[in-house]
Amino acid sequence: MMLPIVGSIRNTVKLAEMDSKWQQKKKNGGKALKAEMSPQERQIQQYKEDLEKMREGRQMSDIDAKLKSGGTLTPEEITYLQRNCPEKYKEYVEIKNEREAYKRQMESCKTKEDVEKLKMNKMSSFLAEAKSVMNNPNIPKGKKLGLMEKILRRVMGMEKEYVKFVNSGQYQSLPTQEELAEEEKRKAEQSEAAAEGLGEAAEDYDNSSELPETGQEVVPGEGANADEPGNEKNQAENFPRTKEYEGYTFSELKQASDTAFHEIETELKGYLKAYRP
């Protein structure tokens, strides 16, 4: 009953010894390395090489899929890319830096509308760049494909950063322009009410004083700053907006920015599908 187990152990030990011998021969090098191997050793080595190629192929395929979708690579994948595909590694670093700059720009926005405007500007820039490449007859077809694929990876990376930021607490705490205008209006009304209160207090004081009547009518608050509360209110009601997006509500800007992303995504994927060999 023990014979099969003993035989299995012997085979395992034998394979381990053969692998050890191969590793030693590999270290020593030499043109006649494979010629010195026995048929079993060559078979084992070929099997190991095939497995390594399959593993590397899957790893590169996973990395490509992440890059195309705008995903973030693990430290191990970055090291692999740096060692085996320096050009792709360089491109990955460029796109990563671009995404980080976009993130900082979103974090500096004062309203939700500013975030949507920033996204539309980015997507419009990408669309113009893509059309410039597509319509340039001096760029070879193969190079065009490479440039368009890179633009698509940049677009997807930007969208990933946008979605991440929109789901963050910082974005949720940002006011809309309408909310900001309402807040300015409320402050103006408070200032106006406070000014009226001071005027009434001054009038009460004048009425209670024993100064002789002069026949002149006292107008509370009359002077250079008399219209200041009204001016603040007027400024609040006419909250400034950029001319490019004047009259757009937040929901309209949100829809427009999402449409801009889908437009360039569709454009790029359609081009790549039509011209990729």
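Along the sequence shown, the residues carry numbers beginning at 1.
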(message) So for atom CD, which belongs to E87, do other residues, nucleotides or ligands contribute more than 12 heavy atoms lying within a distance under 6.0 Å?
(response)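 No, CD of E87 has 12 or fewer neighbouring heavy atoms, counting only those of other groups under 6.0 Å.
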(message) Taking CD in Q255 as the centre, count heavy atoms belonging to other residues, nucleotides or ligands within less than 6.0 Å. Is the count above 12?
(response)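 No.
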Side-chain heavy-atom pair [X], [Y] within 4.5 angstrom cut-off:
X    : Y    : result
E98  : M158 : yes
Y275 : K144 : no
E129 : L147 : no
K96  : E100 : yes
L118 : D114 : no
Y271 : V133 : no
L174 : K110 : no
E149 : K68  : no

Once rounded to the nearest 0.5 Å, what's the spacing between atom [atom1] of [X] and atom [atom2] of [Y]?
X    : Y    : atom1 : atom2 : result
E77  : L67  : CD    : CG    : 8.5 Å
I264 : K131 : CD1   : NZ    : 9.0 Å
I139 : S132 : CD1   : OG    : 6.5 Å
T111 : F250 : OG1   : CZ    : 9.0 Å
K117 : M120 : NZ    : CE    : 8.0 Å
H262 : E267 : NE2   : CD    : 15.0 Å

(request) Step by step, work out the side chain to side chain donor-acceptor pair (under 3.5 Å) result for S124 and N121. (result) CA-CA 5 Å; S124 297; N121 288 337; 5.6 Å; no
(request) Spell out, yes or no, whether I95 and Y80 are grouped together once hydrophobic residues are joined by side-chain heavy atoms under 4.5 Å, including indirect joins. (result)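 No, I95 does not connect to Y80 through the hydrophobic network.
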[X] side chain to [Y] main-chain N or O, any donor-acceptor pair under 3.5 Å?
X    : Y    : result
Q170 : E107 : yes
K112 : P175 : no
E159 : R154 : no

(request) Classify the angle between the aromatic ring planes of Y171 and F165 as parallel (below 30°), tilted (30 to 60°) or perpendicular (above 60°). (result)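 Correct class here is perpendicular.
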(request) Could you tell me which non-hydrogen atom of Y92 sits nearest to which non-hydrogen atom of L73, and how far apart they are? (result)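 Heavy-atom minimum between the residues: OH-N, 3.3 Å.
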(request) State, to 0.1 Å, how close M123 and A260 come at their nearest heavy-atom pair, and which atoms those are. (result)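 Looking at all heavy atoms of both residues, the closest pair is CB-CB, 3.9 Å.
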(request) Compute whether any side-chain donor of one residue and acceptor of the other, for Q105 and K122, lie under 3.5 angstrom apart. (result)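 Side-chain D/A pair, Q105 to K122: present.
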(request) Show the numbers, then the answer: is there a side chain to side chain donor-acceptor pair (under 3.5 Å) between Y162 and E116? (result) CA-CA 9 Å; Y162 167 80; E116 304 306 328; 2.9 Å; yes
(message) What I want to find out is whether K66 reaches D62 closely enough, with some N-O distance under 4.0 Å, to be called a salt bridge.
(response)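 Here K66 does not pair with D62 in a salt bridge, since their nearest N and O are not under 4.0 Å apart.
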(request) Run through R99, K119, K103, R104 and flag the one making a salt bridge (Lys or Arg N to Asp or Glu O under 4.0 Å) with E161. (result)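 The salt bridge (Lys or Arg N to Asp or Glu O under 4.0 Å) with E161 is passed solely by R99 among R99, K119, K103, R104.
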(message) The test is side chain to side chain contact (heavy atoms under 4.5 Å, CB included); show your working for L127 and F261 and say whether it passes.
(response) CA-CA 9 Å; L127 186 59; F261 163 68; over 6 Å; no
(request) Kindly indicate, with the supporting measurements, whether the criterion side chain to side chain contact (heavy atoms under 4.5 Å, CB included) is fulfilled by M148 and M134. (result) CA-CA 8 Å; M148 299 295 276; M134 280 189 286; 3.3 Å; yes
